[in-house]
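Just below is one structure, and these are the notes that go with it.
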Amino acid sequence: MAVSATMEDVKLLGAWPSAYLYRVIWALKLKGVKYEYVEENLFNKSDLLLQYNPIHKKIPVLVHGGKPIAESIVILEYIEELWPQNPLLPTDHYERAAARFWTKFEEDTSSKFFAFFQTVGEEQERAIKEAKGILRIIDEQGLGGKKFFGGEEIGLTDLAFGWIAGWLRIMEEAVGLKLIEDDSFPHLQAWIENFKAVPVIKENLPDHNEMLAYFKQRREMFIATA
């Protein structure tokens, strides 16, 4: 379905290692919205980024018709409301509320996984235990055998949790420890395979080797300052 937005209408500011960026890319691609992408250097932020997101000074930022929208989940909601084709939220009110609940759950808990990546010793052991507890909740209550969080079709909640399908695996590799063992979290592991099999997702993932090198470097920096 054609959409009215042109590349001049929609601009996306991001940085390639960011999972928050990719959830917006996936949403735009699923909706068929054309956009101009602007790569940012997070260690030397551009005047454009500071202009469009002066409060948090973070990516991603979606600029539509010259108006900036910040925070990735807010951006996903904006995209869903503005471009209704290929909906990312269900029409049923209860199911929509459930999707928003699990999206909020992701926002509230994702930092626990970065603690696993950034720490060592006893602090890391506590972070691993907490992260596995969160994964168990996602596996048993968030998914519970469904193909996607909302059923048979990929939706906004799946995009929010998309970092588990790519970035978490790379973080595990960089750390040398696994949160998702081969015999654990069967529903989550099935979801990861289903998610990555969606053509838009499969065709829009960062290079594994580049990501691994980046996260290994970041891990070394965190260990050095621990």
Side-chain angles (χ1 to χ4, degrees), residues 12-31 35-44 58-61 72-73 75-76 88 103 106-107 109-120 124 127-128 131-132 134-135 138-139 142-143 147-149 154-224 226:
L12 177 61
L13 280 64
W16 70 269
S18 171
Y20 302 111
L21 164 68
Y22 273 84
R23 56 176 54 154
V24 177
I25 290 175
W26 297 330
L28 291 170
K29 295 281 188 180
L30 286 166
K31 296 285 189 179
Y35 63 95
E36 175 190 352
Y37 176 68
V38 179
E39 176 72 17
E40 285 287 334
N41 181 347
L42 298 184
F43 302 102
N44 184 22
K58 294 179 179 179
I59 57 92
V61 178
S72 61
I73 297 300
I75 295 171
L76 294 187
L88 299 174
T103 301
E106 186 282 331
E107 288 187 279
T109 58
S110 60
S111 62
K112 307 297 183 183
F113 294 88
F114 291 100
F116 143 78
F117 177 72
Q118 295 171 353
T119 57
V120 293
Q124 186 187 53
I128 290 172
K132 286 187 175 181
I134 294 166
L135 291 173
I138 296 169
D139 180 78
L143 289 164
K147 183 176 181 179
F148 296 107
F149 278 87
I154 191 170
L156 192 147
T157 308
D158 301 286
L159 303 188
F161 279 105
W163 61 272
I164 291 179
W167 283 254
L168 183 58
R169 295 295 202 185
I170 294 171
M171 289 163 65
E172 289 176 323
E173 197 172 342
V175 173
L177 293 169
K178 295 189 74 173
L179 293 177
I180 304 176
E181 302 288 349
D182 293 342
D183 59 350
S184 66
F185 313 122
H187 302 313
L188 181 59
Q189 295 209 53
W191 171 83
I192 289 171
E193 295 307 312
N194 291 331
F195 182 79
K196 293 173 73 174
V198 175
V200 161
I201 307 301
K202 186 177 182 180
E203 295 163 9
N204 293 279
L205 287 169
D207 181 81
H208 178 273
N209 292 334
E210 290 180 3
M211 286 284 286
L212 181 59
Y214 172 82
F215 276 102
K216 281 184 174 180
Q217 183 183 39
R218 298 293 291 170
R219 171 71 177 166
E220 290 170 2
M221 290 173 60
F222 289 128
I223 291 174

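Heavy-atom basis, side chains included; hydrogens, waters and symmetry copies ignored.
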Run the side-chain donor-acceptor check on residues 205-213: report pairs under 3.5 Å with partners two or more places apart or on a different chain.
unit_1	atom_1	unit_2	atom_2	d
Asp207	OD2	Asn209	N	3.1
Asp207	OD2	Glu210	N	2.9
His208	NE2	Glu173	OE1	3.2

For Lys132, which residues count as a salt bridge (Lys or Arg N to Asp or Glu O under 4.0 Å) partner, sequence neighbours excluded? none

With sequence neighbours excluded, tell me which residues meet ring-ring contact (aromatic ring centres under 6.0 Å, His included) with Phe114. none

For Arg219, give me all partners under salt bridge (Lys or Arg N to Asp or Glu O under 4.0 Å), at least two apart in sequence or on another chain. none

With Asp139 via side-chain contact (heavy atoms from CB on, under 4.5 Å) - residues at least two apart: Phe185, Pro186, His187, Leu188

Pairing residues for Ala131 by the side-chain contact (heavy atoms from CB on, under 4.5 Å) criterion, not counting sequence neighbours: Phe113, Leu179

For Glu107, give me all partners under side-chain contact (heavy atoms from CB on, under 4.5 Å), at least two apart in sequence or on another chain. Ile73, Lys104

Which residues satisfy the side-chain contact (heavy atoms from CB on, under 4.5 Å) test with Lys29, sequence neighbours excluded? Ile25, Tyr35, Val200, Asn204

Hey, can you pull the donor-acceptor pairs under 3.5 Å for the side chains in residues 155-162, sequence neighbours left out?
unit_1	atom_1	unit_2	atom_2	d
Thr157	OG1	Ala99	O	2.9
Thr157	OG1	Thr103	OG1	3.2
Asp158	OD1	Phe149	N	3.1
Asp158	OD1	Trp191	NE1	2.7
Asp158	OD2	Gly155	N	2.8

Quick one: salt bridge (charged side-chain N to carboxylate O under 4.0 Å, His left out) pairs with a partner in residues 189-206, sequence neighbours left out? none

Which pairs with one or both residues in residues 13-25 pass salt bridge (charged side-chain N to carboxylate O under 4.0 Å, His left out), sequence neighbours excluded? Arg23-Glu106

Below 4.5 Å, heavy atoms only, C-beta onward: do Leu21 and Leu12 meet side chain to side chain? yes

Salt bridge (charged side-chain N to carboxylate O under 4.0 Å, His left out) pairs, two or more places apart, involving residues 174-184: Lys178-Asp182

